[in-house]
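Order of listing sets the numbers, starting from 1, for every ligand and every atom in it.
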Amino acid sequence: MALFITFEGGEGSGKTVQARALHRKLVRLNLPVVFVYEPGGTSLGRRIARWLKWAQGSEMSPLSELLLFNASRAQLVAEVIRPGLLNDKIVICDRYTDSTVIYQGYGRGLDMELVRIINGAATDGLTPDLTVLLDVSVEEGFARKGARARDRFEQEGVVFHQRVREGYLRLAQAEPERWLVIDGCQSRKKIAQIVWARVSQLLGGVGMGGA
Ligand code: TMP
């Protein structure tokens, strides 16, 4: 059964850990599942991701950022996500169009209508069935990241990341049937159980024996 699930959240929210845990669970159940992430997920996307996260020297304009994220996304949708769904697979994507609404729209201040138009063009309007939001405070997220090297987004100030957090909560509130908002301060196991409860429901009760 085709199902498109995305994971979203600010820096250090734990979304990647949970997206991967769900992937492992579905593999264990022998269900056809594909795991991808943004930016990246294809050979072209990985090259674009390197610029987006680590470009130094020249300032990248917010519009360039918007277009590059969507160039990576258009390739990922065409090469992996759409074919996967057409083949009745469950596709899990770590970040998707909502990240652009949040980071380039709320974060960088680009016109929201423009962001939606470009996102829509890159995906041909493909929307997730379920989006899981891991919500943690900006302080907690950065504390988890520790001292490792910070990419262009992680180097942004607290105010930027506060806009990211608030933007996510606002988006989720506006479309509650698509979003599952989870307090990211709970244990990994507990969060995985909450995610699994919703996913197994969408899959018609498969593997309800716990996370
Ligand atoms: P991460 O998911 O590995 O943390 O890194 C991706 C970074 O890129 C993260 O800081 C969010 C940012 N981003 C955007 O600004 N817009 C987007 O559309 C996507 C997919 C990610």
Side-chain angles (χ1 to χ4, degrees), residues 4-23 35-42 44-56 59-81 91-123 125-128 131-138 140-168 171 184:
F4 184 24
I5 304 168
T6 58
F7 281 76
E8 296 282 354
E11 313 303 322
S13 61
K15 66 176 174 44
T16 302
V17 168
Q18 291 298 330
R20 289 187 183 280
L22 177 62
H23 177 240
F35 175 83
V36 284
Y37 57 90
E38 286 203 9
T42 64
L44 176 68
R46 276 187 289 278
R47 269 176 278 171
I48 295 174
R50 228 171 294 139
W51 287 336
L52 280 165
K53 291 172 84 168
W54 302 106
Q56 280 177 356
E59 188 71 20
M60 187 182 296
S61 81
L63 182 59
S64 304
E65 224 177 71
L66 170 68
L67 294 169
L68 283 172
F69 274 114
N70 272 298
S72 168
R73 177 169 302 134
Q75 190 67 27
L76 184 65
V77 169
E79 205 175 300
V80 187
I81 299 179
V91 177
I92 301 172
C93 193
D94 182 354
R95 293 198 186 279
Y96 188 60
T97 47
D98 296 303
S99 280
T100 317
V101 173
I102 295 300
Y103 282 80
Q104 280 63 55
Y106 283 101
R108 300 283 193 226
L110 278 178
D111 178 72
M112 283 296 183
E113 195 46 34
L114 176 68
V115 173
R116 287 185 210 282
I117 289 168
I118 304 288
N119 278 352
T123 59
L126 181 68
T127 312
T131 298
V132 178
L133 172 62
L134 273 290
D135 177 54
V136 297
S137 71
V138 175
E140 170 68 22
F142 275 96
R144 289 177 182 184
K145 289 246 154 190
R148 65 169 180 73
R150 294 190 169 183
D151 66 29
R152 286 177 55 248
F153 297 95
E154 291 162 344
Q155 285 172 27
E156 288 292 338
V158 174
V159 175
F160 178 93
H161 291 288
Q162 200 62 47
R163 282 202 298 277
V164 165
R165 185 184 187 199
E166 284 160 16
Y168 269 129
L171 274 197

Worked check of side-chain contact (heavy atoms from CB on, under 4.5 Å) between Thr100 and Glu65: CA-CA 9 Å; Thr100 317; Glu65 224 177 71; over 6 Å; no

When you compare ligand 1 with [X], is there at least one nitrogen or oxygen pair between them that comes in under 3.5 angstrom?
X: Glu65; answer: no
X: Asp151; answer: no
X: Asp94; answer: no

Around [atom], find the nearest protein heavy atom and jot down its residue, atom name and distance.
atom: atom 7 (C) of ligand 1; result: Phe153 CD1, 4.0 Å
atom: atom 16 (N) of ligand 1; result: Gln104 OE1, 2.8 Å
atom: atom 20 (C) of ligand 1; result: Glu38 OE1, 3.5 Å
atom: atom 21 (C) of ligand 1; result: Phe69 CE2, 3.3 Å
atom: atom 3 (O) of ligand 1; result: Lys53 NZ, 3.0 Å
atom: atom 10 (O) of ligand 1; result: Glu11 OE2, 2.8 Å
atom: atom 2 (O) of ligand 1; result: Arg95 NE, 2.7 Å

Is a side-chain donor or acceptor of [X] paired with a backbone partner of [Y] at a separation under 3.5 angstrom?
X: Arg165; Y: Gly9; result: no
X: Ser72; Y: Gly40; result: yes
X: Gln104; Y: Pro62; result: no

Working to the nearest 0.5 Å, report the span between CG of Asp94 and OG1 of Thr16. 3.5 Å

List every atom of ligand 1 that sits less than 4.0 Å from any heavy atom of [X], numbering the atoms from 1 in the order shown and giving each element.
X: Thr100; result: 17 (C), 18 (O)
X: Lys15; result: 2 (O)
X: Arg73; result: 18 (O), 20 (C)
X: Pro39; result: 6 (C)

Would you say the ring centroid of Phe4 lies under 6.0 angstrom from that of Tyr96? yes

Relative to the ring of Phe160, is the ring of Tyr103 parallel (under 30°), tilted (30 to 60°) or perpendicular (over 60°)? tilted

Would you mind writing out the side-chain donor-acceptor pairs for residues 113-121 within the sub-3.5 Å range, not counting sequence neighbours?
unit_1: Asn119; atom_1: OD1; unit_2: Asn70; atom_2: ND2; d: 3.0
unit_1: Asn119; atom_1: OD1; unit_2: Arg73; atom_2: NH1; d: 3.1
unit_1: Asn119; atom_1: ND2; unit_2: Thr97; atom_2: O; d: 3.2

Test: Arg150 and Glu11 ion pair at under 4.0 Å: no

